[in-house]
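Lettering of chains follows the sequences in order, A, B, ..., and the numbering in each one begins at 1.
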2 protein chains.
Amino acid sequence: MSSVPIANPGEDLGRGAQARLALVNAAVEVFGESGLEAATTREIAQRARQNIAAIAYYFGGKEGLYRAVAEHIVQVILARIGPLMDEAEGFLEETKPAPTQCLAYLKKLLELSIATNQSMVPLTGIIVREQTHPTRAFSILYQGCLERLQRLGASLIRAYLGNGAAEHECIVRFHAMLGEALAFRFARETILRRAGWSEVGDKEETIIRSVVTEHAELVLRGLKRNSRRNS
Amino acid sequence: MSSVPIANPGEDLGRGAQARLALVNAAVEVFGESGLEAATTREIAQRARQNIAAIAYYFGGKEGLYRAVAEHIVQVILARIGPLMDEAEGFLEETKPAPTQCLAYLKKLLELSIATNQSMVPLTGIIVREQTHPTRAFSILYQGCLERLQRLGASLIRAYLGNGAAEHECIVRFHAMLGEALAFRFARETILRRAGWSEVGDKEETIIRSVVTEHAELVLRGLKRNSRRNS
DNA sequence: GTCTATAGTCGGATAGAC
DNA sequence: GTCTATCCGACTATAGAC
């Protein structure tokens with residue numbers, strides 16, 4: 001697992017580390033736009049202002065670079081939601097987690113998952129491809145962060161409902177709720193055209209956030225109400 | 001708009017039409033797996049048991065074939081949800097559409113959008129690519145069916161809420177709800193691994209259907225309840 | 001209408017100079 | 001460690017035979 005350091009402006013990296021970093025950043029863009037097969041090492045090297053041979057030298061080839069990109073994506077996602085996941089996981093360790101707090105963590109998790117920034121577009125492209133046509137890189141993404149996120153989300157729902165719901169039911173429910181958040185990245189062009197937006201900026205993301213979290217809250221409250229009625 | 005006929009086993013097609021059909025069907029698979037750039041006309045011709053030159057002859061080249069594939073996808077989707085959209089659109093013309101019927105149509109629409117069949121995987125691949133990195137083919141998909149589906153869904157939500165909600169709000173809400181349904185196609189691999197499913201078959205789709213429609217109902221009922229309380 | 005043969009382009013990888 | 005030059009394979013498109 002040759003982890004590639006994230007950009008860290010203050011730090012003094014050796015020439016080698018700088019070259020690796022530039023290549024990975026360029027590769028995220030190019031792989032995101034074109035996919036593993038269609039992307040060309042020439043394009044990546046050019047954008048990174050590095051020599052073509054550097055890819056073979058540092059990563060062993062195109063595939064190795066692609067794996068390094070997957071590891072980089074995990075780091076980016078963990079930098080974004082890792083601290084919240086740590087906190088929420090700790091909270092769930094408590095003997096009796098408060099339902100309102102479960103809901104709050106769930107909403108926070110969904111909000112951070114929306115991530116419609118322009119800078120996320122290349123990452124989204126890669127992740128979507130790996131979801132629909134997984135390669136060996138999918139395991140890096142899944143074991144690196146996706147599984148943990150899914151597990152935490154399902155556990156929060158389960159704890160909110162008082163552990164009355166089956167685990168597999170909560171897994172499906174969280175997957176669906178996360179789908180609401182991701183719809184604005186995965187089906188970006190449709191919402192842009194239909195809503196008449198030219199981009200998904202801060203203003204638009206605020207609207208999305210309030211809708212997604214409101215939906216999640218309405219679903220969970222409704223489920224709890226129904227379960228009370230049936231008991 | 002050179003529309004390509006959908007497979008129709010009983011009908012007698014000329015050799016030319018048969019060749020076109022075989023090429024489009026093969027192209028859906030290959031473009032779905034690899035994308036426009038990475039897909040090769042050799043692979044497509046081979047799977048279709050047609051000569052490579054036939055692609056240039058019938059479609060003018062790789063790009064023309066890709067456009068034909070987009071038109072084919074529109075036909076497949078319309079064959080699936082077109083009749084329901086016709087009916088629901090007619091229903092909305094009524095002077096005072098019943099909210100319960102709005103909800104019923106919305107749930108039906110979401111159910112049909114789940115479509116996790118193995119045969120939908122290539123279509124999903126193409127649609128997802130076009131959403132995140134649209135080419136000229138996106139307009140074929142959007143104007144052919146996506147816009148109409150989105151418009152209808154948002155209108156159903158609006159009618160259910162008694163036209164009290166703003167249109168753009170309903171657009172975002174429907175996009176989010178549709179995201180719940182599509183999450184199981186767009187993020188297929190994650191749910192397979194987490195739920196321990198080997199495929200998304202009939203049994204799994206039944207679970208997904210009940211969760212997605214239940215969520216939609218809970219959201220809409222909750223919204224209506226809240227709007228009553230605030231008035 | 002259908003197919004073969006080929007022209008012209010571009011890709012990834014690597015040998016070997018510095 | 002870094003880079004240039006080059007090899008070899010694979011691609012699309014087309015000319016022209018049948």
Side-chain angles (χ1 to χ4, degrees), chain A residues 2-5 11-70 125-126 129 133 135-137, chain B residues 2 4-5 11-70 126 129 133 135-137:
Chain A
S2 62
S3 80
V4 174
E11 204 172 342
D12 184 28
L13 302 168
R15 276 189 74 183
Q18 262 182 0
R20 290 178 67 99
L21 187 58
L23 282 170
V24 168
N25 284 329
V28 168
E29 285 181 26
V30 179
F31 284 131
E33 286 165 19
S34 315
L36 173 56
E37 291 175 276
T40 70
T41 52
R42 287 180 156 87
E43 171 81 17
I44 294 169
Q46 200 172 350
R47 288 203 205 179
R49 296 168 191 273
Q50 297 294 323
N51 197 276
I52 315 164
I55 291 173
Y57 182 76
Y58 288 114
F59 303 97
K62 195 187 189 183
E63 296 251 359
L65 176 55
Y66 188 69
R67 277 197 300 277
V69 163
I126 294 172
R129 275 168 223 273
H133 298 90
T135 69
R136 275 172 49 201
Chain B
S2 61
V4 174
E11 203 173 341
D12 186 27
L13 302 168
R15 276 190 73 182
Q18 263 183 358
R20 289 178 69 97
L21 187 58
L23 283 169
V24 168
N25 284 330
V28 169
E29 286 181 26
V30 179
F31 284 131
E33 287 165 18
S34 314
L36 172 57
E37 292 175 275
T40 70
T41 51
R42 287 162 197 268
E43 171 81 17
I44 294 169
Q46 200 171 352
R47 287 204 206 178
R49 295 169 192 272
Q50 298 292 324
N51 197 276
I52 314 163
I55 291 172
Y57 182 75
Y58 287 113
F59 304 96
K62 195 187 189 181
E63 296 251 359
L65 177 54
Y66 188 68
R67 277 196 300 277
V69 163
I126 294 172
R129 274 169 223 272
H133 297 89
T135 70
R136 275 172 49 200

Next item on the list: Using modelled atom types only, decide if a donor and an acceptor are shared between the side chain of A:Lys62 and the backbone of A:Leu36 within a distance under 3.5 Å.
Entry: yes
Note to self: Quick check on contacts: within residues 38-58 of chain A, what sits under 4.0 Å from DNA chain C by heavy-atom distance?
What the structure shows: A:Ala39, A:Thr40, A:Thr41, A:Arg42, A:Ala56
Check: To the nearest angstrom, how far is A:Phe59 atom CZ from D:dT2 atom P?
Finding: 12 Å
Notebook entry, point to check: Could you state the CD-C1' distance from A:Glu37 to D:dG9, rounded to the nearest angstrom?
Noted result: 16 Å
Next item on the list: Can you measure from CD1 (A:Ile126) to OH (A:Tyr66) and round to the nearest 0.5 angstrom?
Entry: 6.0 Å
Note to self: From NZ of A:Lys62 over to C1' of D:dA10, roughly how many Å is that when rounded to an integer?
What the structure shows: 12 Å
Next item on the list: Establish, for the pair A:Arg67 and A:Phe59, whether the NZ or CZ atom is under 6.0 angstrom from the six-membered ring centre and no further than 45 degrees off its axis.
Entry: no
Item checked: Separation of B:Glu33 CD from B:Glu43 CD (nearest 0.5 Å) -> 7.0 Å
Margin query: In this structure, how many angstroms lie between the C1' atom of D:dC11 and the CG atom of B:Leu65, rounded?
Written below: 16 Å
Checklist line | Gap between atom CG of B:Leu65 and atom CD1 of B:Ile55 - 0.5 Å precision | finding: 5.5 Å
Check: Just wondering, do B:Arg129 and A:Arg129 contact through their side chains at under 4.5 Å, heavy atoms?
Finding: yes
